[in-house]
Amino acid sequence: MENKIAVIDANNFFVSCERVFNPKLKNKPVVVLSNNDGCVVARSNEAKKLGIKMGEPFFKIQSLVKIYDIKYFSSNYKLYGDLSARMMNIINEFCPDVEIYSIDEAFVNLNFLPDDKINDFAIKLKKTIEKWIGIPVSIGISSSKTLAKLANDYAKKNPSTNGILNANDIENIDEFLNKFLVEDIWGVGRRISTKLYRNGIYTAKDLKYANPDIVDKIFHINGLRTQNELNGLSNYDVIAECSPKKSITCSRSFGNKVVDIEPLIEAVSNYTTQATLKLRQQNSLCKAILTFVSTSRFIENKYFNSDVQILENPTNYTPILIDKAVESIKKMYRKGYEYNKCGVILLNIISEDDYESDLFVDDNLNKKQNSLMKILDKINSNYGKNTISFASNLSKQKKWIMHREYLSNEYTTNWEQLLTIKI
DNA sequence: TCTGGGGTCCTAGGACCC
DNA sequence: TCTGGGGTCCTAGGACCC
């Protein structure tokens, strides 16, 4: 029996989320912007047709926005995160093994179904998601993740499929693969594509039959895996358990340029607070913290620096990590630059359970710190983020805070805003 | 004026050891 | 003073994903 993997992927997810609570946006060109309203990160099909590219700076499309009356929104991650969770719950009700791959995408294992039930099952799943939460999805099915992604891609772009394609049903799979350039394949980016083209490998079909030695030379082990997957041999399993993060990043571009050290310290303290909360939520400790500062990439007077601090003992205690990050900022800060971004990355993450306390660690102190953090997390989760926060996070004029001028309401997580919906 | 954020995996090369 | 080769660990950087 053939292996059966499906990938379920929301169409233009952020835009679709905005449309759920604002039906007037239907059939109109809509874009969603990145933090600070900088770039376009999601586009409706109508906006795609106008030639707006993924990642395009918003200021560059101003004239298009006016001419075509394009609607635009800041990223509303609370709303998108909530709708994503609902979508994943529905998928989970249908399938035992679900791998949540990204905010809008999941791989599922369909081997529990007989072959002749697959298509009806996919239709039902798609309809249920659309009916219950109003998000349109596409479904691709095949014997490997890579082929399922191609099937999904095709289903999304070709209305005749009704948004679902089971590649296991395709009679002439080579003909199908010949429709895709190598750069359309999951795991093949721009750099590798260029090298493949230079070697005469243009389409997915070409890569399927390419000389493995050449593939290995330019694309290494991952290339060979992708090649296997194109041949229908699954090299990437559906991994249902969500594994703890191996690194946790928190960084933002600033709303305004920053030249003094104080706002940098304030921002980095804030980001460290957010990152350590995530660390505690997955019951982990980290052994190191990397802090970085940078100016814009697009100006002459550039500066980038990063600094790693190894911790004496693994920890998830916010004050210790803030101290380290602030120390790094002080070390890296240079006068005369216009900073536009800083951030922290928690590294060498281990599970709390795996940490056997060191002979020299004051175990009592550890326990006190732990319970203090738990109380703080609880209060902040019950009474709102930043009900209690750290001294270095407090300031009246947060110059660095990001702009989100065109934010929609948090309809699903804030009931007061729910009442403002106009139908 | 205005150009995102958060991840993972792999490789090459250096340091070190025997 | 000369100096091989293999193994391991670590880190920086590259490439990719959404």
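Keep in mind that this is a model prediction, so the values were computed, not measured. Atom set for the values below is all heavy atoms of this structure, side chains included, hydrogens, waters and symmetry mates excluded. Reminder, nothing fancy here: chain letters follow the sequence lines and each chain counts from 1.
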A/Tyr339 ring center within less than 6.0 Å of A/Phe254 ring center: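 No, too far apart.
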For the aromatic rings, using the six-membered ring if either is Trp, is the centroid distance between A/Phe73 and A/Tyr406 under 6.0 Å?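 No, they do not, as the ring centres are separated by 6.0 Å or more.
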If you take any heavy atom closer than 4.0 Å to DNA chain C, which residues from [range] end up in contact?
{"range": "residues 190-198 of chain A", "result": "A/Arg190, A/Arg191, A/Ile192"}
{"range": "residues 41-58 of chain A", "result": "none"}
{"range": "residues 222-251 of chain A", "result": "none"}

Are [X] and [Y] linked by a side-chain donor-acceptor pair shorter than 3.5 Å?
{"X": "A/Glu18", "Y": "A/Asn76", "answer": "no"}
{"X": "A/Asp104", "Y": "A/Ser102", "answer": "yes"}
{"X": "A/Asn316", "Y": "A/Thr276", "answer": "no"}
{"X": "A/Ser328", "Y": "A/Asp307", "answer": "yes"}
{"X": "A/Thr318", "Y": "A/Thr273", "answer": "no"}
{"X": "A/Asn45", "Y": "A/Asn12", "answer": "yes"}
{"X": "A/Asn301", "Y": "A/Thr295", "answer": "no"}
{"X": "A/Glu229", "Y": "A/Thr146", "answer": "yes"}

ring-ring contact (aromatic ring centres under 6.0 Å, His included) with A/Tyr303: which residues, sequence neighbours excluded?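 If we apply the ring-ring contact (aromatic ring centres under 6.0 Å, His included) test to A/Tyr303, skipping adjacent residues, the hits are A/Tyr337.
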When the distance from [atom1] of [X] to [atom2] of [N] is rounded to whole Å, what number comes out?
{"X": "A/Lys145", "N": "B/dC9", "atom1": "NZ", "atom2": "P", "result": "11 Å"}
{"X": "A/Lys257", "N": "B/dT1", "atom1": "NZ", "atom2": "C1'", "result": "9 Å"}
{"X": "A/Ile100", "N": "C/dC17", "atom1": "CD1", "atom2": "C1'", "result": "17 Å"}
{"X": "A/His220", "N": "C/dA15", "atom1": "NE2", "atom2": "C1'", "result": "10 Å"}
{"X": "A/Asp307", "N": "C/dT11", "atom1": "CG", "atom2": "P", "result": "14 Å"}
{"X": "A/Tyr271", "N": "B/dG6", "atom1": "OH", "atom2": "C1'", "result": "14 Å"}
{"X": "A/His403", "N": "B/dC2", "atom1": "NE2", "atom2": "P", "result": "10 Å"}
{"X": "A/Phe254", "N": "B/dC2", "atom1": "CZ", "atom2": "P", "result": "15 Å"}

Mind listing the residues from residues 284-303 of chain A sitting with a heavy atom below 4.0 Å of DNA chain B? Number order is fine. A/Arg297, A/Phe298
Classify the nucleic acid contact of [X] as base, sugar-phosphate or nothing, counting any heavy atom under 4.0 Å across all strands shown.
{"X": "A/Asp37", "value": "nothing"}
{"X": "A/Ile103", "value": "nothing"}
{"X": "A/Lys60", "value": "nothing"}
{"X": "A/Phe13", "value": "nothing"}

Should the pair A/Lys145 and A/Phe107 be classed as cation-pi, given the thresholds of under 6.0 Å to the six-membered ring centre and 45° from the axis? yes
With rounding to whole Å, what would you report as the distance between C/dG4 and B/dC16 at their C1' atoms?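 The same atom, C1', in both gives a distance of 16 Å.
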Using atom P in both nucleotides, what's the gap between B/dT3 and C/dC17 to the nearest angstrom?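 These two P atoms come out 25 Å apart once rounded.
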Which nucleotide wins on minimum distance to the side chain of A/Trp186, given the candidates C/dC17, B/dC10, B/dT3? C/dC17
With the side chain of A/Asn35 defined as its heavy atoms from C-beta on, choose the nearest nucleotide among B/dC2, C/dC17, B/dG4.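 For the A/Asn35 side chain, the nearest candidate turns out to be B/dG4.
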Is there a salt bridge (charged side-chain N to carboxylate O under 4.0 Å, His left out) between A/Lys126 and A/Glu130 once you walk through the steps? CA-CA 6 Å; A/Lys126 178 177 156 67; A/Glu130 291 176 4; 2.8 Å; yes
On DNA chain B, check which nucleotide each of A/Asn340 and A/Lys278 is closest to and give me the residue with the more 5' one.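 This one resolves to A/Asn340.
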Verify the neighbour count for atom [atom1] of [X]: are there more than 12 heavy atoms of other residues, nucleotides or ligands below 6.0 Å?
{"X": "A/Lys53", "atom1": "NZ", "answer": "no"}
{"X": "A/Arg191", "atom1": "CZ", "answer": "no"}
{"X": "A/Lys302", "atom1": "NZ", "answer": "yes"}

Give a yes/no on whether any side-chain N or O of A/Lys149 is located under 4.0 angstrom from OP1 or OP2 of C/dC17.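 Looking at the OP1 and OP2 atoms of C/dC17, neither is under 4.0 Å from any side-chain N or O of A/Lys149.
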Between A/Ser75 and B/dG5, is there a side-chain N or O to OP1/OP2 distance below 4.0 Å? no
Bracket notation of DNA chain B in which parentheses pair within the strand, [ ] cross earlier pairs, and | pairs with another strand (Watson-Crick or G-U, under 3.5 Å): ....||||||||||||||
Salt bridge or not for A/Asp9 and A/Lys156, using N-O below 4.0 Å? yes
Using modelled atom types only, decide if a donor and an acceptor are shared between the side chain of A/Asp216 and the backbone of A/Asp213 within a distance under 3.5 Å. no
